[in-house]
Amino acid sequence: MDDCIIIGGGPAGLTAAIYLARFHLSIRLFDAGDSRAALIPRTHNHAGYPDGISGKDLLARMLEQAEKYGATREQAEVTGLRVIEDGFGVRIGDREIGARAVLLATGVVNNRPEMPSAVHDEALARGFLRYCPICDGYEVTDKGIGVIGTGAHGAREALFLRGFSADITLIAPDAGHDIDQPHAGDLDAGGIRRVDGPCGNYAIEGNRIALDTVEGRLSFDTIYPALGSRIRSQLAVQAGARAADDGCLEVDAHQRTSIPGLFAAGDVAKGLDQISHAMGEAGVAATAIRNMLDAQKPLRR
């Protein structure tokens with residue numbers, strides 16, 4: 001039985017793997033290969049990289065560091081998690097592997113606009129499509145920005161981006177806008193244009209991204225989808241862990257879920273969508289896991 005199994009190979013999972021391996025614990029990490037960080041063309045928010053670093057390069061460096069200290073990573077999807085005597089059973093295909101502790105670092109999945117995958121991926125790579133204004137709002141300073149969304153969530157994202165540019169258009173994805181009066185007043189005060197839905201037929205046209213709307217075809221320097229996300233907490237919930245209404249797992253100050261021995265870090269626990277935040281939570285969780293295991297059976301070499 002392993003000391004700990006980590007589920008998820010993004011910044012949170014890999015940070016935990018580095019910590020736990022350096023605690024001389026027997027660990028393995030299962031990575032389905034779909035971390036959102038891998039989609040980042042270049043992050044400039046991550047401290048220590050003045051010229052930025054691509055998400056793929058950052059993950060590769062973190063994996064190399066974890067493996068240097070003995071962490072084992074397997075590219076595979078975990079399909080089941082259950083509580084067993086003295087720990088957990090982690091299901092991968094037709095195998096079940098036991099672990100004294102489990103750290104869930106599975107993150108979230110962004111809800112995408114309706115567009116062909118090829119268009120989506122090229123737009124993302126070229127900066128015409130962006131998902132995190134906290135991460136890269138600076139890069140679109142004073143540019144023409146479209147926000148696809150409505151309601152409080154869409155309004156908040158448009159208002160956040162107003163701090164970077166005065167040229168913001170909020171476009172409803174389906175029907176007309178559904179925005180309450182306080183948010184509508186704030187949008188008006190910020191000079192944020194509103195366009196009713198539906199919208200679609202996205203395409204890269206020259207150095208811009210364009211789409212059809214009820215007001216005709218519009219183009220922007222970049223578009224931010226504000227369509228929400230899906231929290232990948234189902235493994236823990238199936239095992240009996242408590243989650244909030246939005247799907248985020250409930251954790252305490254040490255990243256412990258409601259099931260003893262099951263921990264969570266990163267966006268699956270609280271969706272701030274920041275690499276640094278996920279890494280910080282992973283460091284807290286890994287240290288708590290080490291101390292829990294030591295209390296159960298002293299970790300002496």
Side-chain angles (χ1 to χ4, degrees), residues 7-13 31-46 54-56 58-59 77 104-140 145-161 164 168-174 197-200 202 204 209 211 220-235 237 243-249 264-279 281:
I7 305 173
D31 179 8
D34 54 4
S35 169
R36 285 192 305 165
L39 301 175
I40 300 173
R42 183 162 293 270
T43 175
H44 296 272
N45 262 18
H46 193 50
S54 76
K56 287 183 178 179
L58 178 63
L59 293 176
E77 181 180 1
L104 201 69
T106 45
V108 308
V109 178
N110 292 119
N111 294 325
R112 298 181 175 189
E114 299 243 349
M115 65 173 72
S117 294
V119 174
H120 176 275
D121 294 348
E122 182 182 355
L124 195 65
R126 295 176 63 182
F128 298 141
L129 188 69
R130 300 172 182 269
Y131 282 94
C132 181
I134 296 174
C135 307
D136 53 27
Y138 183 90
E139 276 63 57
V140 295
I145 302 170
V147 178
I148 309 301
T150 191
H153 180 71
R156 285 194 298 266
E157 187 136 329
L159 288 164
F160 185 88
L161 283 160
F164 298 96
I168 309 288
T169 301
L170 179 62
I171 304 168
D174 299 313
C199 64
Y202 296 84
I204 297 170
I209 184 168
L211 73 164
F220 302 93
D221 294 306
T222 196
I223 282 176
Y224 281 87
L227 303 173
S229 56
R230 176 175 60 83
I231 314 298
R232 293 195 281 202
S233 57
Q234 61 270 23
L235 287 171
V237 171
D245 290 342
D246 63 0
C248 285
L249 293 174
D267 294 331
V268 71
K270 185 176 181 180
L272 189 59
D273 289 356
Q274 291 295 291
I275 291 172
S276 58
H277 185 256
M279 293 171 68
E281 288 190 343

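Atoms considered below: every heavy atom in the structure, side chains included; atoms not considered: hydrogens, waters and symmetry mates.
For Glu77, the salt bridge (charged side-chain N to carboxylate O under 4.0 Å, His left out) criterion is met by no residue, not counting sequence neighbours. Under the side-chain contact (heavy atoms from CB on, under 4.5 Å) criterion, Ala12 pairs with Ala105, Ala265, Ala278, Ala282, sequence neighbours left out. Every disulfide bond (SG atoms under 2.5 Å apart) that Cys135 has, sequence neighbours left out, goes to Cys132. Remark: Arg36 pairs with Asp267, Asp273 by the salt bridge (charged side-chain N to carboxylate O under 4.0 Å, His left out) rule, at least two apart or across chains. Every residue two or more places apart in sequence or in another chain was checked for a salt bridge (charged side-chain N to carboxylate O under 4.0 Å, His left out) with Asp121, and none qualifies. With sequence neighbours excluded, the residues that form a ring pair (Phe, Tyr, Trp, His ring centres under 6.0 Å) with His46 are Tyr49.
Annotation: Glu114, atom CD; neighbour count of heavy atoms from other residues, nucleotides and ligands within 6.0 Å does not exceed 12.
Residues Tyr131 and Leu124 are in side-chain contact: their nearest non-hydrogen atoms beyond the backbone lie under 4.5 Å apart. The shortest distance between side-chain heavy atoms of Pro11 and Ser276 does not fall below 4.5 Å. The closest side-chain heavy-atom distance from Ile223 to Ile171 is not below 4.5 Å. Within the 4.5 Å cutoff, the side chain of Glu139 has no heavy atoms near those of the Arg42 side chain. Residues Arg232 and Asp34 have side chains in contact (heavy-atom distance under 4.5 Å, counting atoms from C-beta outward). No side-chain heavy atom of Ile275 sits under 4.5 Å from any side-chain heavy atom of Asn45. Side-chain contact between Pro225 and Leu129 is present, with at least one heavy-atom pair separated by less than 4.5 Å. Counting heavy atoms from C-beta outward, Phe160 and Val147 have side chains that stay 4.5 Å or more apart.
Of the inter-residue distances, the one linking Phe220 atom CZ with Ile148 atom CD1 reads 7.0 Å to the nearest 0.5 angstrom. A distance of 6.5 Å separates CG in Leu235 from OG1 in Thr106, rounded to the nearest 0.5 Å. Taking CD of Glu157 as the reference point, atom CD1 of Ile134 lies at 8.5 Å (rounded to 0.5 Å). Rounding to the nearest 0.5 Å gives a distance of 8.0 Å between CD1 of Ile40 and CG of Leu58.
Remark: the backbone N or O of Gly33 is paired with a side-chain donor or acceptor of Asp31 at under 3.5 angstrom. In terms of modelled atom types and a separation under 3.5 Å, the side chain of Ser233 and the main chain of Gly247 share a donor-acceptor contact.
The two residues Cys199 and Ala172 come nearest to each other via the heavy atoms SG-O, 3.7 Å. The two atoms that bring Ala243 and Val237 nearest to each other are CB-CG2, 3.9 Å, heavy atoms only. The shortest heavy-atom contact between Ala123 and Ile204 is N-CD1, 3.8 Å. Pairing each heavy atom of Ser35 with each of Gly10, the nearest pair is OG-CA, 3.5 Å. Taking all atoms of both residues into account, the shortest heavy-atom contact from Leu170 to Gly149 is CD1-O, 3.3 Å.
Partner of Pro133 under the side-chain contact (heavy atoms from CB on, under 4.5 Å) criterion, out of Ile145, Thr222, Leu161, Val140: Leu161 alone. The only member of Val109, Val108, Asp246 that meets side-chain contact (heavy atoms from CB on, under 4.5 Å) when paired with Ser229 is Val108.
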